[in-house]
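Below is one structure, written out as structure tokens; the observations come after it.
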Number of protein chains: 2
Amino acid sequence: MRHRLKDVAERAGVSVKTVSNVVNGYVHVRPDTRARVEEAIAELNYRPNLSARHLRKGRTGVIALAVPELDIPYFAELARYVVTAAADYGWTVLIDQTGGRREQERVVASGITDHLIDGLIFSPLALTAEDLAGLDGTPMVLLGERVDHGPADRVVIDNVTAAREITDHLIKLGHRRIAAIGSQRTDEGASARLRLAGYAEALRAAGLPYDETLVAPAPAWHRADGAAAMRGLLTAGVRPDAVFCFNDTLALGALRALHEAGLRVPEDVAVVGFDDIEDGRFSIPTLSTVAPDKERIAQLAVELLAHRLDGDRAAPAKELSAPYRLEIRESTQAP
Amino acid sequence: MRHRLKDVAERAGVSVKTVSNVVNGYVHVRPDTRARVEEAIAELNYRPNLSARHLRKGRTGVIALAVPELDIPYFAELARYVVTAAADYGWTVLIDQTGGRREQERVVASGITDHLIDGLIFSPLALTAEDLAGLDGTPMVLLGERVDHGPADRVVIDNVTAAREITDHLIKLGHRRIAAIGSQRTDEGASARLRLAGYAEALRAAGLPYDETLVAPAPAWHRADGAAAMRGLLTAGVRPDAVFCFNDTLALGALRALHEAGLRVPEDVAVVGFDDIEDGRFSIPTLSTVAPDKERIAQLAVELLAHRLDGDRAAPAKELSAPYRLEIRESTQAP
DNA sequence: CCTCGTTTCTACAACGTTGTAGGCAACGTT
DNA sequence: AACGTTGCCTACAACGTTGTAGAAACGAGG
């Protein structure tokens with residue numbers, strides 16, 4: 001049922017290599033020969049065997065995208081854009097879930113997918129720079145700043161400035177007691193650290209005090225963590241007039257907790273998030289947020305990978321920055 | 001940098017095949033030989049070349065999952081479970097986005113991934129049975145009932161009964177004017193048709209009239225479509241006391257539209273959805289819904305594929321049914 | 001007519017792996 | 001002592017493709 005070059009060759013009365021040449025668009029093939037071969041290909045519904053092709057060529061045409069979890073909206077949206085961007089290069093994307101577990105991430109990074117993939121786009125949560133050091137493996141592009149000064153190409157957004165700007169938005173509206181939800185231990189949350197830094201910068205610039213009690217940690221950044229952190233603040237008697245959540249799912253959880261506590265958003269408390277996931281455009285109220293250009297992030301990552309594959313694999317690591325913008329919606333207004 | 005069996009063989013002082021035997025766990029290898037080989041493997045950090053292995057074996061160890069869009073929460077959650085279930089069989093999952101476009105779906109079904117994949121789990125939106133007929137291609141498992149009586153294995157849930165039960169839940173609470181959002185043209189929305197049938201059945205069983213004006217179509221099942229449909233109903237002067245949305249994203253959109261219209265959920269209007277996506281557990285109000293067992297769906301699909309791969313490829317198509325349950329949350333209460 | 005270059009095509013080897021067939025010891029059985 | 005059996009290992013071929021080298025056919029230029 002499945003045919004090979006040989007079958008096509010026999011049917012068209014040419015050599016195997018000529019069929020290969022036709023399939024690969026080699027120029028020096030007489031038009032009538034080409035036509036005969038193409039006819040045979042169509043009749044047999046021939047499709048190249050990629051395993052064989054790639055064994056021969058050393059390239060597979062498949063790249064992997066490794067993310068912590070697919071059902072985290074941010075990663076789902078990102079995955080979508082990566083798949084689309086990769087299609088422009090004729091690549092298929094294989095998606096790996098690491099669960100954010102360091103062990104699994106290390107396995108992925110060291111090439112669990114073996115010779116199956118040409119390159120890897122990697123959004124690590126728990127991986128350290130040491131894990132990456134001394135990897136002979138496949139070319140890799142990292143997303144986000146989880147791994148500092150790693151040996152690999154990287155796409156980031158300016159988290160500090162973005163966090164400062166969204167905090168500034170709250171300050172400009174007149175908020176004074178601005179809580180932050182999502183801080184993490186330094187060694188595990190690089191994004192958290194940078195966003196917290198931006199938050200602190202904005203407060204300082206406005207002459208507002210940095211109040212430890214207003215900063216709530218969140219072990220992970222899921223809705224449940226946001227809800228728990230917000231409840232924790234309220235239970236502790238902390239009563240902010242605005243909350244900066246370090247991502248949108250945290251913010252959606254916080255909205256939920258505020259609602260349960262009988263507080264209105266934005267009338268009693270303003271809430272902002274980060275990531276601009278689709279939920280936030282339909283939540284009640286809709287969510288003001290920092291909107292990183294996910295499409296651009298995906299494009300840049302794929303581009304970096306393409307350069308790395310075609311060019312010098314030993315070239316120094318590049319870091320590209322993707323743009324973002326503020327999306328102001330219903331969840332913020334003056335107190 | 002990358003080593004082959006040959007390199008390991010030379011280092012261990014054995015034949016290539018013996019190394020292969022060790023790698024594949026063949027029994028008849030003397031312990032000391034095995035140890036020597038394993039040492040060499042470790043020293044060289046040898047990893048098998050999957051392209052070569054699969055060229056030889058005819059299997060790739062990769063299956064594809066084709067879904068309309070990754071950033072639709074239902075599919076993202078499903079994808080997560082499929083990846084996990086496939087891992088139990090040692091399979092890697094390659095995720096394809098069809099965008100729900102028939103052309104793209106046809107391409108995927110006919111094997112765009114060529115010889116790269118052993119099988120396909122496919123959640124089609126626009127594909128017809130004719131598109132699938134006469135496909136020589138890879139073994140396939142369909143999710144959902146989009147394609148009737150297709151030639152392929154299938155995993156479904158009992159949409160009619162589930163829809164009847166959730167509608168019944170609304171009726172039991174005392175609702176009488178129950179709207180339905182998400183109907184589609186018969187030829188494109190099999191799930192829509194079945195859920196509508198269940199809705200109608202429940203009304204009939206309760207002696208309630210089936211009122212055309214209460215049924216709103218939705219071209220796609222995104223939040224925006226749900227919001228638009230709900231707004232449409234309200235603008236037309238229709239004032240239901242409950243709404244059955246054919247999936248959760250529609251329901252989240254409807255919540256949004258009701259909120260904008262100044263109607264309270266569940267006090268003024270009760271709302272139910274279908275799918276049990278995570279958003280619905282944190283929305284305001286939290287969403288009553290039909291919760292299909294997505295983990296089970298994924299397991300069954302992978303299992304069917306495994307059987308098809310190992311067993312008789314010409315065996316008649318099987319259809320398995322996955323369980324579901326009702327999740328009653330805040331969005332429904334007596335009027 | 002010869003030479004040379006170009007076009008068109010082919011034969012062969014190789015990519016890294018595993019199935020098959022078989023060889024050589026070592027052992028137990030007759 | 002001869003024989004079969006078993007355990008352990010190896011050589012070889014093959015999976016389907018493409019790069020390399022080169023053959024055959026042809027035309028142009030001398």
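In what follows, every chain begins at residue 1, and chains take the letters A, B, ... in the order their sequences are listed. Quick caveat: nothing in here was measured; it's all calculated off a predicted structure.
The phosphate of D/dC9 (OP1 or OP2) has no side-chain N or O of B/Thr18 nearer than 4.0 angstrom. Taking 4.0 angstrom as the limit, A/Ser20 places a side-chain polar atom (N or O) nearer than this to OP1 or OP2 of D/dT18. One finds a side-chain N or O of A/Asn24 lying less than 4.0 angstrom from the OP1 or OP2 phosphate oxygen of D/dT18. At the phosphate of C/dT7, neither OP1 nor OP2 sits under 4.0 Å from any side-chain N or O atom of A/Arg30. Contact check, A/Tyr46 against D/dT17: a side-chain N or O comes under 4.0 Å of OP1 or OP2.
Between the C1' atom of C/dG19 and the OH atom of B/Tyr26 lies a distance of 11 Å, rounded to the nearest Å. As a whole-Å value, the separation of A/Arg47 CZ from D/dT17 P is 13 Å. B/Leu50 has its CG atom 14 Å from the C1' atom of C/dT18, to the nearest Å. Atom-to-atom, CG of A/Asp32 to C1' of C/dC9 comes out at 12 Å; the value is rounded to the nearest Å. Separating the CZ atom of B/Arg4 from the P atom of C/dA14 is a distance of 12 Å, rounded to the nearest angstrom. Rounded to whole angstrom, the span from the CG atom of B/Leu5 across to the P atom of D/dA11 amounts to 14 Å. Whole-Å rounding puts the B/Asn21 CG to D/dA11 P distance at 13 Å.
In the set D/dT10, C/dT8, C/dG16, the nucleotide with an atom closest to the side chain of A/His28 is C/dT8. For B/Lys17, taking side-chain heavy atoms from C-beta onward, the closest of the listed nucleotides D/dA11, C/dC15, C/dT10 is D/dA11. The side chain of B/Leu55 lies closest to C/dG16 when the candidates are D/dC9, C/dG16, D/dT17. The nucleotide whose nearest atom lies closest to any side-chain atom of A/Ala52 is, among C/dT17, C/dT10, D/dT17, D/dT17. Comparing atom distances between the B/Thr33 side chain and each of D/dC9, D/dT18, C/dT18 picks out D/dC9 as nearest.
Partners of A/Tyr81 according to the side-chain contact (heavy atoms from CB on, under 4.5 Å) rule, which considers only residues two or more places apart in sequence or in another chain, are A/Lys294, A/Glu295, A/Ala298.
Between the side chain of A/Lys6 and the base of D/dG16, no donor-acceptor pair of N or O atoms lies under 3.5 Å. Judged by distance alone with a 3.5 Å cut-off, no donor-acceptor contact links the side chain of A/Lys57 to the base of D/dG19. For B/Arg53 and C/dT17, a side-chain-to-base donor-acceptor distance below 3.5 Å is absent, hydrogens and geometry of angles not being considered. At a cut-off of 3.5 angstrom, counting only N and O atoms as typed in the model, there is a donor on one side and an acceptor on the other between the side-chain of A/Arg56 and the base of D/dT18.
With hydrogens and angles ignored, the 3.5 Å screen pairs no side-chain donor or acceptor of A/Asp118 with any backbone N or O of A/Ile63. Between the A/Asn24 side chain and the A/Tyr26 main chain, no donor and acceptor come within less than 3.5 Å of each other. Using a distance-only test at 3.5 Å, with no hydrogens or angles considered, a donor-acceptor pair links the side chain of B/Thr84 to the main chain of B/Arg80.
In summary, B/Asp153 and B/Lys318 do not engage in a salt bridge, as defined by a charged side-chain N under 4.0 Å from a carboxylate O.
The aromatic rings of B/Tyr89 and B/Trp91 lie parallel to each other, their planes meeting at an angle below 30°, with 60° marking the opposite boundary.
As the counterpart of C/dT30, D/dA1 is assigned, both hydrogen-bonding distances of the Watson-Crick or G-U wobble pattern falling under 3.5 Å.
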